[in-house]
Visitor: 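Handing you a structure now.
Sequential numbering from 1 along the given sequence is applied to the chain's residues.
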Amino acid sequence: MSNLQELLEEVDSILVLKPVGEPSLSQTLGETSQSQQPIGETPQSHSDKLLAALDTHFGYTEFRVGQREIIEAILAGENVFAVFPTGHGKSLCYQLPALMLTGITVVISPLISLMKDQVDALKAQGITAVSLINSTQTFDEYLTELARIQGGEVKLLYISPERLRSRRFLDLLNTCVISLFVIDEAHCISQWGRDFRPAYLSLRDAMDALQPHVIALFTATAPPEIREDVLNLLHIPTPKVLTQGIERPNLKLSVQESGDEDEKYVQLAEFLYQNSAGDNGIIYAGTRSNTEDIADYLKMRGFRAEYYHAGLEPHQRTRVQEAFFDDSGDGLDIVVATNAFGMGIDKADIRYIVHWTMTGTLEEYCQEVGRAGRDGKDSQCVLLYCPEDRGLHEWFIKENAPDKPSLLKLLKVIENFEGAGFYRTIASDELEWMSGFKSGKIQVCLSYLEKLGFLKRWYNVPSQFSVSFGRSRQSAPLPDTMQQRLLHQLRRGRQRKILDLCKATALNPKAVMEHLAELQSDGHIQYRGQEDLMLIELIQDSELFSTFTEEQIEVGDYVRRKRQQIDKVVFYALEATCRTRVIREYFGEEVEEDYRCETCDLCATHNGNLCR
C-alpha cells in the first residue's frame, strides 16, 4: 500500500482501567436513564451531570481542556467539527455523549486495528454496549453483532467507511435512532489531505440516507483550507468549528542545524547520550536506506535500536513494533523509521522524537511529534535541520507531479485493462509495471483524473474470494431476482473471481460487490477475499482528455501547493522567536504579537532556561 493510501495518524485513546468495584455500563445505564439528556437541551442544564457521567463511565473527575465544550455542543444538538491535537483525548468527546444519548452512535474510522483498540479498551472498563463490524469477523460473529444492533444492545458502533456502501446495512441502521454520526480522521475527506481516501467521499450519501441528529467530525491536523474543503464536500449544515490549541506544553520543541549528514550523526549521538538513559524514542528519517544506516550506527554504539519501513515483510514489521512495546527490559528502546511507523503507535512513555529529515508538511510534523509524552511527562522533539534536506522533498514533488502526458498515458493504460463494461479491476503492482510510474505518482495522477471527472475509484475489491453460507438462512427466499442469480452462481462454486461473476451475471463489478455486501448484511453469506485490487469506473475516455489544455488540468497547482507546504516547514526550522507560534498560526489560531510559549528552545533561551 502506498504512503498516500496509508493513514499515518492513529486514533487517540485516553481510557484507563476502571477502579475495582465501579459499576458496569449495564448497571449504570439503569441508574442514569432518567437523567439522559435529549438532543437540543442547553449545555448549562447538564454541566454537573457531565462530570457525574464522566466519573461513572470512565473514572475521571475532570475534563481535559476543550473536551467539555465539544461534548456540550454535541449534547445540545449542534453539528461539530473539532480539531483536537494528538494525545488530548478526542475519542472521549464522542464516547461519553454516545453513552448519554438515547439512540446509537455510529463511528466511522479508517483502520480496523485502531477501532479494535478502542473497543477492547471500552470493554476492559466494563462498557459492553459497544460493537465493531469488520471484514475479519467470522460469519457467526458477524450475525451476532447484527442481532445486538437490532436488539438495541449497542450504544456505540464502530465501522469503516466502506461498510456504508451496502444498502442492506444502511437499511439496518435506519431501524435505529442515529443520535450521533462521528467521522474520525475527517481530513481524509479532503482532496488535499495527505491521506486522501475516496471511500470517505461516499459518507455524504450515507448521511443523507441515515439522517443522524448530530454530525461530529474529528481530526488532529487540519489547517483552515483543509477544514473548508471537508465542509464543502460533505455539505454539513451550520457546523460549530472548535479548534483546540495545537500546543502541548510537555513537548519541548527544538531544532539543531546541521551542515551535512556526518554532523547529524554527531548531534544524534550527543543527544541520545545526554537524554535517552534507557527511555523509549523514535527517530524519523526520510528514506528506507537512512533508517537502516542510522539503526546500524546506533547498535554499534550499544543502543537497543532497530529500523522499520514499508519495505519490510509484515512479520518483520510486527516483530519490531512488538519489541518496541515490550516494557519488560528485553525490548527495543529506539525505532528508526520512515513515516510508515505511525498507525497504532499509542505508547504513553515515548520520551523523545527525533526527525533526522524534515517532514514535507507541518501537519505531518505535528502528528509525528504528537506520539511523544502521552503520559503528560516532558518529552523532547528535535529536528535535525539541514538545508539540503529540502532537495529530498523537491525530488518527491518532481517524481509525483502530474502532467498532461503522464495523465493521458495512465488513462490509456487503465482503458486497456481487462474489465466489464466501463469498469476495470486493477492490481497496484500491475498498474505500476504497465505504466512505468511509481506508486506515489500513480496515486497523485489518479486523484487528478478523478477530480477532473474521468474516472472514479473503488477500493477493497477482492480478486478471488471464498464464500460460506448462513446455515440458518440458507433456504430463506430472496426478493431480489439478481441476488438469487448471484447466490446460485456462488453455490455452484465455479465463479469465485470478481470478473467471472460479472460475466456470469451480466453485472458490472461495482454492482456485484454491492449485491455481495447486501447478501452478507442479510445473513445469506459471509465472503472473504484478498483485498488486493482497485476497482476503477471509467467515466470519460482518453480521446476527450487529449483535447484538454495544461491550464484546464491545473497540474501546476500540485507543485505550488507542495512547495508552499515545504516552505512552512523550513520557516519553522529557521524561526528566530517562537516555534510554537509558527505552528499555531499555521493551524489558524490567533496568536498575540508578543506571544512566547516558554517550551521551545527559542523561548527557553530567551528566558535564560535552555531546553535540554
Visitor: Closer than 3.5 angstrom, by distance alone: can the side chain of Gln67 be matched with the main-chain N or O of Gly89 as a donor-acceptor pair?
Guide: yes

Visitor: Flag the pair Met115 / Val107 as yes when at least one side-chain heavy-atom distance between them is below 4.5 Å, and no otherwise.
Guide: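 When only atoms from C-beta onward are counted, Val107 and Met115 do not touch, as no gap falls below 4.5 Å.
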
Visitor: So, does Asn79 use its side chain to make a donor-acceptor pair with the main chain of Ile215 at under 3.5 Å?
Guide: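 Looks like yes, one N/O pair under 3.5 Å.
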
Visitor: Could you please spell out the steps behind the side-chain contact (heavy atoms from CB on, under 4.5 Å) verdict for Leu51 and Thr61?
Guide: CA-CA 6 Å; Leu51 284 177; Thr61 57; over 6 Å; no

Visitor: Taking all heavy atoms of Leu180 and all of Pro97, pick out the closest pair and write down the distance.
Guide: CD2-CB, 4.3 Å

Visitor: For Lys377, is there any backbone N or O sitting under 3.5 Å from a side-chain donor or acceptor partner on Ser379?
Guide: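 The answer is yes, because a donor-acceptor pair under 3.5 Å joins these two groups.
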
Visitor: Find out whether Leu242 and Phe84 are in side-chain contact, i.e. whether some heavy atom of one side chain is under 4.5 Å from a heavy atom of the other.
Guide: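 They are not in contact (no side-chain heavy atoms under 4.5 Å apart), so the answer is no.
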
Visitor: Atom CD1 in Ile159, atom CD in Glu145: separation rounded to 0.5 Å?
Guide: 12.5 Å

Visitor: So how far is it from Asp184 CG to Thr219 OG1, rounded to the nearest 0.5 Å?
Guide: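 Interatomic distance, Asp184 CG to Thr219 OG1, rounded to 0.5 Å: 8.0 Å.
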
Visitor: Which atom names give the shortest non-hydrogen contact between Gln118 and Gln95, and what distance separates them?
Guide: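 Closest heavy-atom pair between Gln118 and Gln95: OE1-NE2, 2.8 Å.
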
Visitor: Between Glu62 and Arg68, does any side-chain N to carboxylate O distance fall below 4.0 Å?
Guide: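 Here Glu62 does not pair with Arg68 in a salt bridge, since their nearest N and O are not under 4.0 Å apart.
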
Visitor: Considering all heavy atoms of both residues, which atom of Arg485 and which atom of Ala504 are nearest to each other, and what is their separation?
Guide: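 Closest approach of Arg485 to Ala504: NH2-O, 3.3 Å.
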
Visitor: Specify the closest pair of heavy atoms between Phe324 and Lys347, including all atoms of both residues, with the distance to one decimal.
Guide: O-CE, 3.3 Å

Visitor: How close do Leu231 and Pro239 get, heavy atom to heavy atom, and via which atoms?
Guide: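 Scanning both residues completely, I find the closest heavy atoms to be CD2-CG, 3.8 Å.
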
Visitor: Check whether any side-chain N or O of Arg248 sits under 3.5 Å from a backbone N or O of Gly370 as a donor-acceptor pair, and report yes or no.
Guide: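 Yes, because the side chain of Arg248 sits within donor-acceptor range (under 3.5 Å) of the backbone of Gly370.
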
Visitor: Please report the interatomic distance CD1(Ile133) to CD1(Ile149), rounded to the nearest 0.5 Å.
Guide: 3.5 Å

Visitor: Return each pair, listed once, that meets salt bridge (Lys or Arg N to Asp or Glu O under 4.0 Å) where at least one residue sits in residues 231-244; pairs must be two or more places apart or across chains.
Guide: none

Visitor: Quick one: ring-ring contact (aromatic ring centres under 6.0 Å, His included) partners of Phe218, sequence neighbours excluded?
Guide: Tyr94

Visitor: For residues Leu251 and Ala372, report the shortest heavy-atom separation together with the two atoms involved.
Guide: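 Looks like CD2-O, 3.4 Å.
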
Visitor: Taking it one step at a time, do Ile71 and Leu54 satisfy side-chain contact (heavy atoms from CB on, under 4.5 Å)?
Guide: CA-CA 11 Å; Ile71 293 169; Leu54 180 68; over 6 Å; no

Visitor: Can Lys456 and Glu537 be counted as an ion pair, charged N to O under 4.0 angstrom?
Guide: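 Glu537 and Lys456: not salt-bridged.
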
Visitor: Using the rule given for side-chain contact (heavy atoms from CB on, under 4.5 Å), can you reason through Leu501 versus Leu490, listing the C-alpha separation, both sets of side-chain angles and the distance that settles it, and then say yes or no?
Guide: CA-CA 8 Å; Leu501 279 174; Leu490 292 171; 4.1 Å; yes

Visitor: Between atom OG1 of Thr105 and atom NE2 of His213, what is the distance when rounded to the nearest 0.5 Å?
Guide: 10.5 Å

Visitor: For residues Val80 and Val214, determine if any side-chain heavy atom of one lies less than 4.5 Å from a side-chain heavy atom of the other.
Guide: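 No, every pair of side-chain atoms sits at 4.5 Å or beyond.
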
Visitor: Out of curiosity, Tyr158 OH to Asp117 CG, how far, rounded to the nearest 0.5 Å?
Guide: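 Reported value, rounded in 0.5 Å steps: 10.5 Å.
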
